[in-house]
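The structure under discussion appears below in the form of structure tokens.
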Amino acid sequence: MSLKEKVLKQLMQANGEYCSGAMLADLFHVSRTAVWKAVEQLKGEGCCIEALTKKGYRLTNLSDLFCPQAFQDLVKDCRTGWQVRHLQVIDSTNNEAKRLASEGAAAGMVVLADRQTSGRGRMGKQFHSPAGGLYFSVILRPQLPLMDMMALTACTAAAVHQALMEFGIPTQIKWVNDLFLNGKKVCGILSEGEFSAELLRMEYMVVGIGINLRKDPDLPEELQSIVTDLFTETEKHVDRTRLLAAILRQLERYIDGLPERTYLPVYTQNSCTLGHHVRVMAERGLSTALAVGFSDDAGLIVVFPDGSREIIRTGTAQIID
Ligand code: BTN
């Protein structure tokens, strides 16, 4: 571990309290100037460290930092060997995860970024990803029937919902891949993968998750009425390391339960789509119908005004009333 990493670990363990330069220098058998240089390096990488004469250094943005040691401790009981590759900035964590997966990266590899320059959503939409969010993509190699691939996105939504419940945050799930809080979007999920025509199964899946944790002062005008963040809605500083670990623990549980559809009760009970009239692309074209339930593979069951039913598996369901 480099001096910089040791200093960061020590500051994190101090939980926002001051650590004196002399104490750190003694602990790591280096000069106080070396400690100061390590702190300057950490600041340059975006760590918010306050320095006060006679008191020392302290972290002021504890909840925003990703701490690999704390993370490993939080996921130590998982069957999956979750490994996080943490980047400060990337075009899209899904792109990076797909690149790694195509080079043979194992299931359980997670690409985490502090911000994305070209974050992507479903249907070619842009996903605004400034600093202050949790953006990551998980590489999975599930041995599941093709029918379960759509369910994987829904099961991820259930996992994120349950993880946020651990922090006392009750989100609602909008079919198929969005999480809402007080009527505005706080999280989006994008699943992508590589199909092997030879093996007739998915080579790999990449599940990308983006959660807005803090208010974005530069949120584009057109998004202000539809997008929000956890802090604005709950006044809670959700710790990135703990939230990431909680989501991955829940995801493992729900993926293991996919054959038995264990995600469906949570997905159904917390849906903000069911019971509403929605605009969907049906076999008969763009139509309005009542959303009444989900099929086993997370398709949306709708009833048309003439009483006929259809399971919608593509596109979105725009809520009308
Ligand atoms: C959507 O809103 O339609 C899905 C948004 C998914 C965003 C996440 S952020 C991490 C990962 N990287 C991306 O480029 N997209 C996903």
Side-chain angles (χ1 to χ4, degrees), residues 64 66 82 84-102 105 109-140 149-150 152-161 163-164 171-181 183-194 204-214 216 219-220 222-230 238 240 243-248 251 267 272-273 278 280-281 298 300 312-319:
D64 279 353
F66 173 67
W82 299 115
V84 177
R85 186 166 292 203
H86 180 203
L87 307 162
Q88 282 171 26
V89 58
I90 187 81
D91 54 350
S92 150
T93 54
N94 266 33
N95 289 353
E96 181 67 3
K98 278 162 72 179
R99 195 183 60 72
L100 292 170
S102 64
M109 167 73 78
V110 178
V111 179
L112 167 72
D114 295 342
R115 61 186 179 90
Q116 303 182 111
T117 51
S118 304
R120 284 183 286 115
R122 284 179 77 221
M123 316 216 285
K125 285 196 184 145
Q126 194 196 341
F127 188 81
H128 190 61
S129 319
L134 178 64
Y135 314 110
F136 65 100
S137 301
V138 184
I139 298 176
L140 301 169
M149 292 307 144
M150 181 169 165
L152 197 60
T153 303
C155 122
T156 305
V160 178
H161 169 87
L164 286 168
T171 51
Q172 287 203 299
I173 305 171
K174 181 171 171 291
W175 184 83
V176 57
N177 65 326
D178 289 337
L179 266 72
F180 274 57
L181 199 51
K184 291 184 181 179
K185 180 165 166 168
V186 282
C187 166
I189 297 164
L190 176 67
S191 305
E192 299 180 293
E194 181 79 22
Y204 64 79
M205 288 291 294
V206 162
V207 181
I209 300 170
I211 306 177
N212 308 325
L213 301 182
R214 278 197 276 112
D216 170 16
L219 188 69
E222 67 276 14
L223 294 181
Q224 288 184 7
S225 60
I226 41 180
V227 169
T228 189
D229 59 274
L230 299 183
V238 177
R240 283 170 99 206
L243 180 57
L244 176 64
I247 293 171
L248 295 175
L251 188 60
Y267 193 79
C272 59
T273 305
V278 289
V280 288
M281 184 50 82
L300 181 67
I312 309 294
R313 293 198 169 84
T314 54
T316 55
Q318 189 200 342
I319 298 175

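Atoms within each ligand, like the ligands themselves, are counted from 1 in listed order.
The backbone N or O of Gly208 sits nowhere less than 3.5 Å from a side-chain atom of Tyr135 that would complete a donor-acceptor pair. No side-chain donor-acceptor contact under 3.5 Å links Asp91 to the backbone of Ser118.
No option in Val84, Asn94, Val207, Leu248 other than Leu248 meets the side chain to side chain contact (heavy atoms under 4.5 Å, CB included) test with Phe136.
Distance CD/Glu96 to CD1/Ile139: 9.0 Å, rounded to 0.5 Å.
A salt bridge between Arg240 and Asp114 is present, with a side-chain N of the basic residue lying under 4.0 Å from a carboxylate O of the acidic one.
Proximity of Val176 to Leu300: side-chain heavy atoms (C-beta onward) are nowhere separated by under 4.5 Å.
Within 4.0 Å of ligand 1, contacts by protein heavy atoms are made from Ser92, Thr93, Asn94, Gln116, Gly119, Arg120, Gly121, Arg122, Phe127, Phe136, Ser137, Asn177, Asp178, Lys185, Gly188, Ile189, Leu190, Gly208, Ile209, Gly210.
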